[in-house]
Amino acid sequence: MEDTEHSTARLPEHLGEILEILWTMEEKGQATFAGTLHESVNGTGTDFLAAMLRENLVVVDEAHRVRLARGGRRLAEQVIRRHRLAERLICDVLGSHVDESENAACEFEHILSEGITNSICTLLGHPQYCPHGRPIPQGDCCRKAEAELHPILVSSDQLDVGETATVAYLSAQEHTWVLRLSALGIVPGNHLRLLQKWPSCVLQCDETEIAVERDVARNIYVRRRAGSHH
Amino acid sequence: MTAETKCPAKKVVLVGNPNVGKSVIFRLLTGNYVMVSNYPGTTVEVSRGRTTVDAVTYEIVDTPGVHSLVPQSEDERVACEVILRENPDLIVQVADAKNLRRTLLIASQLVEFGIPMVLVLNMMDEAQDRGIELDTQGLSDLLAVPVVETVAIYSRGRRQLLQAMQNSSPPRNPLWNSSPARHVASALNGACPVPGALAAEWLALEDAGFLRSLESVLGRPVLDRLETARRSYAGTSNRSLARDVAGSRNEFLELSVAGYAKKRQRSLLEAADNPALKIWLALLGIGILFFLWNESGSLKGIWTPYSAATAQLAGLAASDHGASGFFSALLFSRASPGTGRFGLAYEALHFSFFLAPVIIPFGVLIARSRRFAQEVGVLTRRASTGLPILVLVLLLFYEFVGYTGAQTLVGLFENIVFGRFLIPWIRGLLPSGFLSELMIGEFGLVSMGLTYAIAIVLPVVATFFIAFGLLEDSGYLPRLSILTDRAMRMMGLNGKATLPMVLGLGCCTMATITTRVLNSRKERLIATLLLALGIPCSAQLGVILGIAAGFSPVATLTVLGVVASQLLLVGFLSSKLIRGQRSEFIVEVPPIRSPQWKNIVLKTGYRVLWYLKEAVPLFLYGTLALFVLDKVGVAGQSLLAWLQKGLAPILTGLLHLPPEAASAFVLGFLRRDYGAAGLFQLARTGMLNGQQVVVSLIVITLFVPCLASFLVIVKEQGWKRAAAITAFIVPFAIGVGAAVSWLLRAFRITF
């Protein structure tokens, strides 16, 4: 692990971008041609391509189609993971719009080390999809979490009935209902108990019972108490 | 304020969360001298009353419940405007002692107005039951205002409250130090005594209507300063000013709640093993079973205690026949052979077999045992138990409104008060001729207009309001919206829309106004359409049940089933076709409490007055129009006859109804229930068979709304939409009626 972390952290910016393009195109099931790559990276693509071929990160076939080799795929996976987790973080926690998150996430992905990436992933409850709905590649932390324990941070509708948890944040896509919830006492730091899931979710906050629809409960993220789950 | 004897009244505004007993405190302070009116330009009710203590007169204004003074709803906007516009001398914040956080949220906003304040911690008993200990003195020091503990429903703490009102003082402001608040304060530079940080949040709402009224109170320059402050703040923080204000407020609340409220583990032994309560619990169980037995018996015609008792009574009535005319009529009358009974003796039986066995033990348990109330609160919101309870509630509702109201009271008013006294009295008073025709003729103002308005509709509306008030005050209605949220979602609405729909069962005109509680335009339009289309109002429902009582229950179920399916269909389609967004379902669920009789009586009184004032004139205009149509003739035939002739092809051809039904449908334009009542008359005189009753009831239920509710739709949605709604509903209603008529005849279904 140690060596890949070093190599990805030191990845030149363009290399990351090329890996990202190759990954996304493959995800869409489309081929990437050497010429297109050249254009998309400010005209320096071919130099990098040559370097990447030398390092066995990519392979090019007779039709000039570029594909990721095994080493390149591993690197690309990490770049994509950092990028999409950053998007989730910006969208959910900071409440920015999906489109805004795109640029910020590009900046982010170059600073994150693997350790921090995993912490963010754990904080967000090992999300599976980015805000655009594309899959986020799993990291070690996800595999470990799957095997061992529930995520610490879950949306309130995932609590067990009767379980108490602490509000972590409200995923802020709609400001008005965030205001309504906070007037009722659902604000970060406050305790919350899930009383019922069906037909509507009923949450207890202090001495107030609040009925919300599933979609609202899904956007209230809570921190489970250690040991409260099995 | 001078110490003269004739000094003007001190104005006191009550502010607080919903369901904290604000109106009870209001009554505690004012007695019954209350004026309820809509706040100008809104449908929100504001009550005003007066009281004099130690030679000081107070004018007390009760505002609607709020969650926050950053207004998200019309109620909250009105509360803010009352404080801003009416320059109160004193604000009394009424709070739920159990919820210090929400209390302090509002308090922290109120202090910004700089008006002397008193904080009332109400429902101290509930807080103590839950082991919550409050540091009242500490809170008083924190806010620098008097803090009073009360249990308003038992009048506990009234004296202390009145005393505190005399010793009130301007609150500490600001309560905490924060950079966003400092920023606003320095921008305003003491220029005006407005709430600074709070006003920054107001601006951030970008609610055009509220901003306009703010401008008229605060003036443009102040708003401009605030706006500048808001924009210049962007440079100093990466979040907006409003968000930082809200954030620092939350931090303050967090610290204060931790500091002033403590929760100890409950060690109170609840009086569950109290033998008296156990007995009541058993009685409730037996009462429910007894109720269901009688109910199912009257549907299926099997032997029940109720059927046996009524048979006995009928025998008694027969032997008593003619013995003492008037009292016998009062006790044993039947509206028509085999159908509705309205004698008081029958009502006594009905009450003691249907209503009393469930309602009395339930009421006792709710009032005496908090744990029972809590359990009921849980059971009523869960699907598995809530739905059966909902059915039980609806049955009880029907027994009260549909029987006690629509049969007993309607019978008494129509047959005895009007039939035996009022109309013969007028007949004796007026010589026969035009005036007599106008008053008590076939389409007479008294014999038709007032009879419908007062004798037929009023009893139903009044009993409906009583039942609705009980559900409202007991805290059941939010639970109803929990149960119905998913179904409403299919129609592009959310659980909140259940309230206007249920209200529509009382009066669609009123319900159309209350669609304003819905948060988005799309929801308001859909709810209005559905109300206009297929929610039968109380009068109509009473008439439907009354007519159907003469036929098999399958007839009623067919009518209601067809109407309900059309509601679902139209709701589903319109949720897809009408553009816009639905809003999220977020509703506070208050604990189940026992309603206060006084409150119910007052509420029902106001609502009945409203009905008399708004609806009764429309009945009279309608009758008058019909009278004119009947009397004015063209080519040897009255206009009514022409109109009926015009409608006849539709009625006889498509719907297979007798041509006489035309007058009921013409009346239906003027008032929907009015039309249904006309059908009632036809059915009672045996002019409609089962199929025709079902078809005509379906059509008249789906038909255009009454004149009053049409006018309200115009007011709420504009001419274009009102016209579009009508243009859709009329052919739709006739089409559905024709289809049902064809099906019934094709499959030879009779009732």
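Throughout, a chain's letter reflects where its sequence line sits, starting with A, and its residues are numbered from 1.
In terms of heavy-atom pairs under 4.5 Å with chain A, the best-connected choice from Arg381(B), Arg479(B), Glu588(B) is Arg381(B). In terms of heavy-atom pairs under 4.5 angstrom with chain A, the leader among Leu483(B), Val257(B), Asp96(B), Asn494(B) is Leu483(B). Most heavy-atom pairs under 4.5 Å with chain A, from the set His67(B), Lys98(B), Arg489(B), Arg486(B): that is Arg486(B). When each of Leu184(A), Leu181(A), Leu203(A), Val202(A) is checked for heavy-atom pairs under 4.5 Å with chain B, Leu184(A) comes out on top.
Atoms CG and CG, from Leu89(A) and Leu124(A) in turn, are 5.5 Å apart once rounded to the nearest 0.5 Å. With rounding to the nearest 0.5 Å, the separation of CG in Leu153(A) from SG in Cys121(A) is 11.5 Å.
Judged purely by distance below 3.5 Å, without hydrogens or angles, the side chains of Glu523(B) and Ser583(B) pair a donor atom with an acceptor atom. A donor-acceptor pair shorter than 3.5 Å cannot be found between the side chains of Thr117(A) and Arg81(A). Side-chain N/O atoms of Asp157(A) and Ser155(A) include a donor and acceptor closer than 3.5 Å.
Interface residue Leu105(B): only side-chain heavy atoms are found under 4.5 Å from chain A. Of the two parts of Ile132(B), only the side chain, counted from C-beta on, holds a non-hydrogen atom closer than 4.5 Å to a non-hydrogen atom of chain A. Using a 4.5 Å cut-off between heavy atoms, Leu195(A) contacts chain B through both its backbone and its side chain.
Inter-residue side-chain proximity for Leu121(B) and Leu139(B) is flagged as met; some heavy-atom pair is nearer than 4.5 Å.
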